[in-house]
Protein chains: 2
Amino acid sequence: MPVETIARTRAESRTRGKAKAAPAPALPLGQILDGDCVERLRELPDNSIDLVFADPPYNLQLGGDLNRPDGSHVDAVTNDWDRFDSFKTYDDFSKAWLAECRRVLKPDGALWVIGSYHNIYRLGATLQDLGFWILNDIVWRKTNPMPNFRGTRFTNAHETLIWASQGEKAKYQFNYRAMKTLNDELQMRSDWTFPICSGGERLKDDEGHKAHPTQKPEALLYRVLLATTERGDVVLDPFFGTGTTGAIAKRLGREWIGCEREESYRAVARARIEKELPLDETALTTMQSKRTAPRVAFGTLVEAGFVKPGTQVFDKKRHFTATVRADGSLVCDKLNGSIHQVGKDLQGASSCNGWTFWHYEDEGLVKPLDAARQLYLLATED
Amino acid sequence: MPVETIARTRAESRTRGKAKAAPAPALPLGQILDGDCVERLRELPDNSIDLVFADPPYNLQLGGDLNRPDGSHVDAVTNDWDRFDSFKTYDDFSKAWLAECRRVLKPDGALWVIGSYHNIYRLGATLQDLGFWILNDIVWRKTNPMPNFRGTRFTNAHETLIWASQGEKAKYQFNYRAMKTLNDELQMRSDWTFPICSGGERLKDDEGHKAHPTQKPEALLYRVLLATTERGDVVLDPFFGTGTTGAIAKRLGREWIGCEREESYRAVARARIEKELPLDETALTTMQSKRTAPRVAFGTLVEAGFVKPGTQVFDKKRHFTATVRADGSLVCDKLNGSIHQVGKDLQGASSCNGWTFWHYEDEGLVKPLDAARQLYLLATED
DNA sequence: ACCCTCACTGAATCCCACA
DNA sequence: CTGTGGGATTCAGTGAGGG
């Protein structure tokens with residue numbers, strides 16, 4: 001059975017009953033609602049949202065100041081919006097906004113929440129109490145977490161996301177194939193590894209201070225939206241902050257609605273999303289492709305002329321350089337083998353994704369081999 | 001200095017107030033209590049346990065004859081449970097055994113629970129409600145999880161552990177230095193990677209079927225006990241299963257108590273622990289934190305001639321220079337006081353560790369004062 | 001251009017013995 | 001109980017600046 005047919009059959013068999021072409025006109029798409037999210041959500045119609053992504057206050061309850069061993073001061077989250085008197089207060093708050101989310105979500109919609117050990121057990125229990133059905137919990141492993149400066153506990157190196165449907169029997173969107181492709185043809189697991197949001201991605205105010213204390217990395221939202229929405233879906237973020245959800249939704253061709261109480265955050269988010277450009281049709285189609293993306297061997301790209309034998313490939317820091325041979329193997333000094341094998345041996349690592357490890361130059365730009373694979377997939381699709 | 005001596009000295013200097021040498025005679029050390037854990041825990045004295053490790057069941061239908069804490073009978077299979085009823089029952093059950101654990105734990109004891117997204121949010125919220133204070137949550141990343149065969153969700157590749165103390169202000173045992181050593185001199189993080197329990201480690205019955213459906217890997221218990229107990233501590237496991245906790249406790253020189261309702265599991269556990277051999281003294285000695293080392297006043301080093309009065313000391317960048325006086329105080333311009341005080345004032349910092357801040361020259365080499373302290377400790381041991 | 005050093009930073013429930 | 005003060009404690013990354 002041709003893969004395309006399989007895919008179309010699956011698409012046709014879906015019964016989420018979305019009306020993509022004509023979303024309810026009342027929805028304030030592409031807007032950041034101003035004010036308390038529970039109140040503003042009340043104004044939205046029932047059954048109108050495809051996905052909620054929520055990054056609520058964590059209720060950190062920090063003690064005194066904290067200094068690094070070098071004496072410098074740690075800039076902690078001490079904002080008013082993160083202060084709650086008790087678990088009861090926090091649970092009541094959670095129940096209120098989760099219940100509104102549940103109402104505005106379509107029956108086949110789904111919800112993501114993110115938190116740390118301070119609040120995630122409250123949130124998880126509350127959403128279960130409300131009838132949400134947990135599909136997975138996801139661990140975001142930080143490659144560069146803040147250390148535990150006093151040596152008192154384990155380094156808190158992860159945050160937790162919960163993905164839940166409207167109920168045990170409810171349908172939900174999961175783009176299995178897109179996730180498997182993204183993960184080099186292995187099933188996407190429940191542990192995701194990303195750096196924290198820093199560098200150029202971290203939004204700053206005019207004085208160079210971070211615009212928001214807890215800005216999330218775009219890669220996280222990218223994966224969430226790619227995994228659990230379709231093009232044109234409406235994504236709601238009740239704690240919009242500086243608008244990472246909106247920016248990535250726009251990039252991926254999804255509609256979005258945000259709620260945010262702080263005008264300073266809203267202003268940053270508006271400017272940011274304004275600048276964001278949607279990916280073009282072809283890129284989105286590839287990513288979203290309903291056909292089963294065939295597994296592509298590197299050798300196929302060489303065969304097809306997308307990578308020429310003799311091409312020099314190198315890692316990002318140009319510590320290693322290898323040469324592509326006609327059969328799709330690499331050679332570097334005395335080592336030779338697949339792109340994965342050689343990358344692994346050179347680094348002395350236990351494994352290596354050659355698609356992302358090796359790079360080549362194309363029109364003066366350095367690109368990962370994976371870019372060639374995408375081009376190939378684009379060209380051979382029809 | 002032999003490590004044993006260090007360890008003994010440090011252990012003696014600790015003030016957690018344990019009575020290691022003579023644990024309460026009533027404790028059934030090295031025994032697997034037969035029956036419902038809530039009932040059997042009631043027979044244990046208050047404040048007698050150092051650590052609880054619990055791997056509670058979440059498929060409550062396993063037992064078949066489940067009783068609510070109020071005594072009413074629940075037939076999980078035939079009763080038409082609604083969601084609320086089922087969560088309520090599970091939460092009541094959790095509350096019952098967690099409360100008993102809380103009672104038998106010493107004030108400075110701690111608790112571990114392990115679970116998956118099915119039950120961990122209930123457990124985490126319940127233990128918080130009871131007053132336990134979460135110290136970390138830990139993600140066990142499985143190197144070889146069961147794939148999601150139907151491609152409907154992310155591969156569920158982890159389980160979650162929660163580590164909690166008796167309360168916000170309560171003390172707890174954390175062997176920071178041992179963990180850092182175990183992790184190649186980097187702080188141990190909150191994500192741990194282990195394979196699932198399989199191969200020779202997986203206990204089988206006579207017919208080759210696995211003896212217990214959820215046997216945990218020994219490596220997991222090894223790290224838990226190494227991190228949060230001392231030698232001689234009493235570890236309680238209320239859901240003992242095939243006794244991984246007991247086996248590793250015995251191996252690591254910890255005392256243990258188990259509860260298990262199923263005779264078949266108890267039999268497997270007894271045989272297993274019987275065969276387990278404790279590690280010897282030398283192997284059990286772990287890296288100790290400086291925090292537990294005997295305290296040496298800087299003046300003692302001056303008295304003992306390890307640092308001569310009049311010695312010039314300076315910070316690493318030689319921004320500051322001070323002179324050692326006969327009483328072990330430093331003087332620099334108009335400032336004088338302890339090595340810590342002067343370092344602190346000179347930098348305008350909130351605190352300063354003079355041992356590592358100040359340096360001196362010895363045979364042409366620049367060394368921190370801490371080097372002199374180490375020499376003194378070596379020379380004066382025993 | 002490249003390398004090296006230094007300064008800075010990130011959702012953090014972050015000390016403890018002794019007087 | 002509180003207050004005092006000794007002194008233990010950090011990883012990956014970005015970016016600026018100098019050589």
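First the proteins, then the strands, lettered A, B, ... as listed; each starts at 1.
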If you check every side-chain atom of A:Pro147, which of D:dG7, C:dA7, C:dG10 has the closest atom? C:dG10
Could you check whether the side chain of A:Arg68 and the base of C:dG10 have a donor-acceptor pair of N or O atoms closer than 3.5 Å, going by distance alone? yes
Check: B:Gln166 side chain, B:Arg102 main-chain N or O, donor-acceptor pair, under 3.5 Å: yes
What's the closest nucleotide to the side chain of B:Arg373 if the choices are D:dA8, C:dA11, C:dT9? D:dA8
Which pair of heavy atoms, one from A:Glu263 and one from A:Arg266, lies closest together, and at what distance? OE1-NH2, 2.7 Å
B:Ser338 side-chain N/O to D:dG6 phosphate OP1/OP2 under 4.0 Å: yes
Which is true for A:Cys197 with a 4.0 Å heavy-atom rule: it touches a base, it touches only sugar-phosphate, or it touches nothing? nothing
Check the phosphate of C:dA11 against A:Arg202, side-chain N and O only, distance under 4.0 Å to OP1 or OP2. Yes or no? yes
Under 6.0 Å from the ring centre and within 45 degrees of the ring axis: does the NZ or CZ of B:Arg373 meet both conditions for the six-membered ring of B:Tyr376? no
Assert yes or no for the condition that the ring centre distance of A:Trp97 to A:Phe239 is strictly below 6.0 Å. yes
When the distance from NZ of A:Lys204 to C1' of C:dC8 is rounded to whole Å, what number comes out? 10 Å
Are there over 12 heavy-atom neighbours, none belonging to B:Asp333, within less than 6.0 Å of that residue's CG? no
Return the value, rounded to whole Å, for the distance between atom CG of A:Leu66 and atom C1' of C:dC15. 11 Å
If you assign B:Asn136 and A:Lys210 each to the DNA chain C nucleotide with the nearest heavy atom, which residue ends up on the more 5' nucleotide? A:Lys210
Looking only at the side chain of A:Thr214 (C-beta and beyond, no hydrogens), which of the listed nucleotides D:dG7, D:dT10, C:dA11 gets closest? C:dA11
Which part of the nucleic acid, if any, lies within reach of B:Ile134 when heavy atoms closer than 4.0 Å are counted: base, sugar-phosphate only, or nothing? base
What is the nucleic acid contact for B:Lys344, judged by heavy atoms within less than 4.0 Å: base, sugar-phosphate only, or nothing? nothing
Mind listing the residues from residues 319-336 of chain B sitting with a heavy atom below 4.0 Å of DNA chain D? Number order is fine. none
Under 6.0 Å between ring centres, would you say that holds for B:Phe174 and B:Trp163? yes
Looking at C:dG10, C:dC14, D:dA8, which one has an atom nearest to any side-chain atom of B:Lys290? D:dA8
Tell me: CD of B:Gln187 to P of D:dT10, nearest whole Å? 6 Å
Rounded off to whole Å, could you give me the CZ-to-P distance for the A:Phe149 and C:dC15 pair? 13 Å
Output yes when at least one side-chain N/O atom of A:Lys317 is less than 4.0 Å from OP1 or OP2 of C:dC3, else no. no
Paired to D:dG7 by Watson-Crick or G-U wobble criteria (both distances under 3.5 Å) is none
Counting side-chain heavy atoms from C-beta on, which of D:dT9, C:dT9, C:dA11 comes nearest to A:Asp70? C:dT9
Nearest listed nucleotide, side chain of B:Asn353, among C:dC14, D:dA8, C:dA11: D:dA8
At under 4.0 Å between heavy atoms, what does A:Thr143 touch on the DNA or RNA strands: base, sugar-phosphate, or nothing? sugar-phosphate
Of A:Pro145 and B:Trp355, whose nearest nucleotide on DNA chain D comes first from the 5' end? B:Trp355
Expressed in angstrom and rounded to an integer, what is the separation of B:Asp184 atom CG from D:dA12 atom C1'? 16 Å
For A:Leu62 and C:dG10, what is the distance between atoms CG and P respectively, to the nearest whole Å? 14 Å
Less than 3.5 Å between a donor and an acceptor, one on the side chain of B:Ser289 and one on the base of D:dA8, is that the case here? no
What distance, rounded to whole Å, do you find between the two P atoms, one in C:dA7 and one in C:dA11? 23 Å
Near DNA chain C, counting only heavy atoms under 4.0 Å, which residues of residues 151-164 of chain A show up? A:Thr152, A:Arg153, A:Asn156, A:Glu159
Does B:Tyr172 make a side-chain N or O approach to OP1 or OP2 of C:dC16 shorter than 4.0 Å? no
N/O (side chain, A:Lys216) to phosphate O (OP1/OP2, C:dA11) under 4.0 Å: no
So, is B:His340 close to the D:dG6 phosphate, meaning a side-chain N or O under 4.0 Å from OP1 or OP2? no
Reckon A:Pro56 touches a base, only the sugar-phosphate, or nothing at all at heavy-atom distances under 4.0 Å? base
Under a 3.5 Å limit on both distances, the Watson-Crick or wobble mate of C:dA11 is none
Within this structure, what is the NE2-to-C1' distance between A:His73 and C:dC14, rounded to whole angstrom? 12 Å
Verify the neighbour count for atom NZ of B:Lys367: are there more than 12 heavy atoms of other residues, nucleotides or ligands below 6.0 Å? yes
In whole Å, what separates the P atom of C:dA19 from that of D:dG7? 14 Å
Nearest heavy atoms of A:Leu123 and A:Ser94, plus distance in Å: CD2-OG, 3.7 Å
Do other residues, nucleotides or ligands put more than 12 heavy atoms under 6.0 Å from the CG atom of B:Asp184? no
Quote, to the nearest angstrom, the P distance that separates D:dT9 from C:dC8. 24 Å
Distance-only, no hydrogens or angles: does the A:His73 side chain make a donor-acceptor pair with backbone N or O of A:Gly71 under 3.5 Å? no
Does a nitrogen or oxygen in the side chain of B:Arg291 sit under 4.0 Å from OP1 or OP2 of D:dA8? no
Across the strands shown, which category fits A:Asp55 at heavy-atom distances under 4.0 angstrom: base, sugar-phosphate, nothing? base
Classify the side-chain pair B:Gln187/A:Thr155 by whether it contains a donor and acceptor separated by less than 3.5 Å. yes
Parallel, tilted or perpendicular: which one describes the rings of A:Phe93 and A:Phe84, with boundaries at 30° and 60°? tilted
In whole Å, I'd like the distance from the CG atom of A:Asp65 to the P atom of C:dG10. 15 Å
Please say whether the positively charged group of A:Arg261, taken as NZ for Lys or CZ for Arg, lies over the ring of A:Trp81, i.e. under 6.0 angstrom from the six-membered ring centre and within 45 degrees of the axis. no
